[in-house]
Amino acid sequence: MLYPRIKQLGKKLHFKRTDNKIVGTVKNSFVKICDGIGFKSLEITFAEDMQNDKKISEILVAHRVTAKICTWQHTMLTITFREIFLPYSLKKIVALMAALTDYAYEKNPTALIHCESCGLHSAVQLYTTGVAESLLCLDCYRRKQDELSYQREQDDAAGNHYLAGALGAVLFALPGVAVTALLFIFLDMVAAVSAVLYSALALKGYKVFKGRMTKRAAVIIPAVTVGMTVFGMWASYFVSVLKEIYSQYHTVAFRVALEVMLLPELQHELVKGIILALIVCSFFIFVNFFSLLREGSSNSIRPAREI
């Protein structure tokens with residue numbers, strides 16, 4: 001997902017986009033800018049190795065960029081700006097990008113970026129698989145397409161299907177129901193906090209049962225999370241009613257407990273509890289949804305899109 005400000009910046013710079021970044025060529029360097037949750041990042045692929053260049057270090061120091069937030073990988077520099085209280089300025093990132101790319105061009109204006117895979121061809125284009133981006137020549141792009149097509153065939157042959165994954169998501173999320181019930185009995189409405197477990201447990205179960213990681217998984221796993229959150233809160237109230245009946249009559253009366261659950265007053269409290277639990281886990285559902293969408297796109301490769 002692209003936030004409006006970074007999308008506007010991408011249009012201004014005449015960049016293209018992937019699922020969560022704006023990308024483009026500046027002089028003879030390739031640039032990616034990401035505006036994520038709690039961070040922004042600037043990634044520059046130079047046409048040659050600039051890691052030990054003193055001028056690059058001077059530019060970073062002048063823009064108050066420390067070595068701690070910089071990562072070098074061959075000709076690629078990644079700078080990650082953490083956002084704790086206030087968002088990091090996109091204007092500062094653009095100014096830093098301009099300074100670095102201007103210097104790289106001045107140093108060697110004839111240098112060209114080559115294919116990340118073969119390292120031979122300079123006629124490259126950015127392609128994305130949803131979870132990663134690559135600068136590839138046409139031959140390597142076609143080779144990658146064939147590899148991913150073969151992987152899809154292998155997944156089909158191995159029986160990696162949605163139903164098995166959904167079953168695994170439900171089974172793995174069941175322990176979260178027990179946690180919700182225990183928290184509800186002993187700590188009342190704090191039980192809603194346990195709803196965050198369902199998202200992680202459902203994802204784990206889906207993968208363990210070898211569910212196919214396509215875009216459908218981005219619907220199945222959140223749906224299981226919501227369903228188990230609702231069931232977990234209902235089960236918590238039901239267990240609480242059973243406990244109250246047992247404390248008064250020293251018997252476990254399931255039928256009576258079910259009748260009590262239908263009382264309007266209890267229904268009202270149950271709905272409030274479910275809404276609170278869904279609000280608590282909605283952030284994790286939201287984050288996982290877009291993460292799963294990107295991962296679900298990793299079985300295909302395509303060119304970066306226009307903004």
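By convention here, the first residue in the shown sequence is residue 1.
Here Q73 contributes atom CD and T75 contributes atom OG1; the two are 9.0 Å apart, rounded to the nearest 0.5 Å. Taking CD1 of I93 as the reference point, atom CG of L42 lies at 6.5 Å (rounded to 0.5 Å). In this structure, the separation between CG on L262 and CG on L270 is 10.5 Å, given to the nearest 0.5 Å.
Counting only heavy atoms from C-beta outward, the side chains of Y127 and R302 never approach each other to under 4.5 Å.
For F231, there are no ring-ring contact (aromatic ring centres under 6.0 Å, His included) partners two or more places apart in sequence or in a different chain. Residues forming a side-chain contact (heavy atoms from CB on, under 4.5 Å) with V239 (at least two apart in sequence, or on another chain): I185. For R142, the side-chain contact (heavy atoms from CB on, under 4.5 Å) partners two or more places apart in sequence, or in a different chain, are L138, Q145. Qualifying side-chain hydrogen bond (donor to acceptor under 3.5 Å, both in side chains) partners for Q267, counting only residues two or more places apart in sequence or in other chains: none.
Clustering ILVMFWY residues whenever any of their side-chain heavy atoms sit less than 4.5 angstrom apart, transitively, puts V230 in the very cluster that holds M261. Connection of L126 to L9 is not established within any shared hydrophobic cluster, with ILVMFWY side chains joined at heavy-atom distances below 4.5 Å, either directly or through further cluster members. With hydrophobic clusters built from ILVMFWY side chains whose heavy atoms lie under 4.5 angstrom apart, I44 shares a cluster with V26. A single hydrophobic cluster is not seen to contain both V124 and L112; linkage of ILVMFWY side chains at heavy-atom distances under 4.5 Å, directly or through other members, places them apart. Cluster membership check: F30 does not share its hydrophobic cluster with M97, using side-chain heavy-atom separations under 4.5 Å among Ile, Leu, Val, Met, Phe, Trp and Tyr.
Under the salt bridge (charged side-chain N to carboxylate O under 4.0 Å, His left out) criterion, the residue pairs touching residues 50-61 are D53-K107, with sequence neighbours excluded. Sorted by first and then second residue, the salt bridge (charged side-chain N to carboxylate O under 4.0 Å, His left out) pairs involving residues 83-106 (not counting sequence neighbours) are K27-D102, K40-E83.
Counted within 6.0 Å of CD on E48, heavy atoms from surrounding residues, nucleotides or ligands total more than 12; the atom is thus considered enclosed. For CZ of R5, the number of neighbouring non-hydrogen atoms (other residues, nucleotides, ligands) closer than 6.0 Å is 12 at most. No more than 12 heavy atoms of other residues, nucleotides or ligands sit less than 6.0 Å from atom OH of Y105.
The two residues I113 and T45 have their closest heavy-atom pair at CD1-O, 3.6 Å. Listed here is the closest heavy atom pair of K21 and C34: CG-CB, 3.7 Å. Across every non-hydrogen atom of V23 and R17, the tightest pair is CG2-N, 4.2 Å.
E116 contributes a side-chain N or O that, together with a main-chain N or O of L135, makes up a donor-acceptor pair within less than 3.5 Å.
Relative orientation of the F254 and F238 rings is parallel, given thresholds of 30° and 60° on the angle between their planes.
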